[in-house]
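Some notes on the structure that comes next.
Atoms considered below: every heavy atom in the structure, side chains included; atoms not considered: hydrogens, waters and symmetry mates. Counting starts at 1 for both ligands and their atoms, in listed order.
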Amino acid sequence: MSKNYCPRCGSLALSSHDGNQYCCEQCDFELFRNAAAAVGVVLVHQQHILLVKRSKAPKAGMWDLPGGFVNPGETAEQALFRECQEELAFELNCPLRYLGAWPNLYAYKALEYPTLDIFYTVTLASRPNLTADKTEVQDITWVSTAQCGALDMAFTSGGQAIAAYLKRPQ
Ligand SMILES: [Zn+2]
């Protein structure tokens, strides 16, 4: 079994049987590798879904749904409001409908973070004015619901959220 350095005592004595729970043979420290929470939104206007093209790694240049990681202490809804504001200067002040949550792997700088991505959908009465924060989003597009099934998305969870939106009773 491969050993890792213990974050408490520094010994090369941290190991795991299942990849989720790690124990240190030297100091008895236990480390749990849990999924990080993230949020995303299927924003819909007249049979079109908003997609954002990622500026940053991982998956730079690929299409994604607006969203991001949940900060400690935030509700999922607060995280989504904040992310829409940060990425798109968009005030998400309409009712959210829960779509579902899917696990994902977020590979960043040689570490793979397991996440649980929580998705909502919002139906907009008008197409909003959006201003992309270019450090996060290099492009924005509205894709017709007929075409979005064929898109190669940055993360499988985003594709699953769109599929769930398309399958749900309208
Ligand atoms: Zn230790």
Side-chain angles (χ1 to χ4, degrees), residues 1-43 49-92 96-122 132-140 151-165 167-168:
M1 198 185 320
S2 71
K3 298 273 169 74
N4 292 280
Y5 289 99
C6 171
R8 186 164 87 179
C9 73
S11 307
L12 189 59
L14 195 75
S15 61
S16 172
H17 291 283
D18 58 10
N20 297 326
Q21 182 180 4
Y22 289 77
C23 300
C24 176
E25 292 163 9
Q26 286 295 319
C27 74
D28 230 20
F29 180 71
E30 283 182 89
L31 181 80
F32 295 91
R33 185 169 176 255
N34 299 316
V39 286
V41 64
V42 177
L43 275 178
I49 292 175
L50 179 79
L51 296 180
V52 295
K53 189 179 273 190
R54 296 176 59 81
S55 293
K56 292 197 296 198
K59 311 280 183 184
M62 292 188 74
W63 293 107
D64 198 4
L65 293 169
F69 283 100
V70 179
N71 287 337
E74 274 184 329
T75 66
E77 291 83 0
Q78 285 167 343
L80 192 56
F81 293 146
R82 176 182 52 71
E83 288 288 345
C84 285
Q85 192 67 248
E86 287 173 4
E87 286 182 4
L88 302 167
F90 174 50
E91 199 162 322
L92 187 61
L96 301 175
R97 289 179 66 176
Y98 178 69
L99 264 183
W102 291 272
N104 190 32
L105 282 175
Y106 190 90
Y108 189 61
K109 298 200 176 180
L111 273 184
E112 221 171 35
Y113 299 87
T115 67
L116 181 66
D117 299 347
I118 305 159
F119 288 94
Y120 296 87
T121 185
V122 172
D133 172 357
K134 295 290 180 187
T135 63
E136 304 245 356
V137 171
Q138 55 174 281
D139 199 5
I140 296 172
L151 278 171
D152 201 11
M153 297 289 290
F155 303 107
T156 54
S157 57
Q160 286 166 306
I162 290 174
Y165 170 78
K167 266 188 256 165
R168 83 196 233 289

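Heavy atoms from other residues, nucleotides or ligands lying under 6.0 Å from NZ of K53 number more than 12.
Protein contacts to the Zn ion (ligand 1) involving N, O or S atoms at a distance below 2.8 Å are C6 SG, C9 SG, C24 SG, C27 SG.
Aromatic ring centroids of Y106 and F69 lie under 6.0 Å apart. Checked against the 6.0 Å centroid threshold, F119 and Y165 do not count as a close aromatic pair.
Residues Q21 and E30 share a closest heavy-atom pair of NE2-OE1, 2.5 Å.
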Evaluation steps, side chain to side chain donor-acceptor pair (under 3.5 Å), between N4 and S2: CA-CA 7 Å; N4 292 280; S2 71; 4.6 Å; no

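D133 pairs by the side chain to side chain donor-acceptor pair (under 3.5 Å) definition with T135, not counting sequence neighbours.
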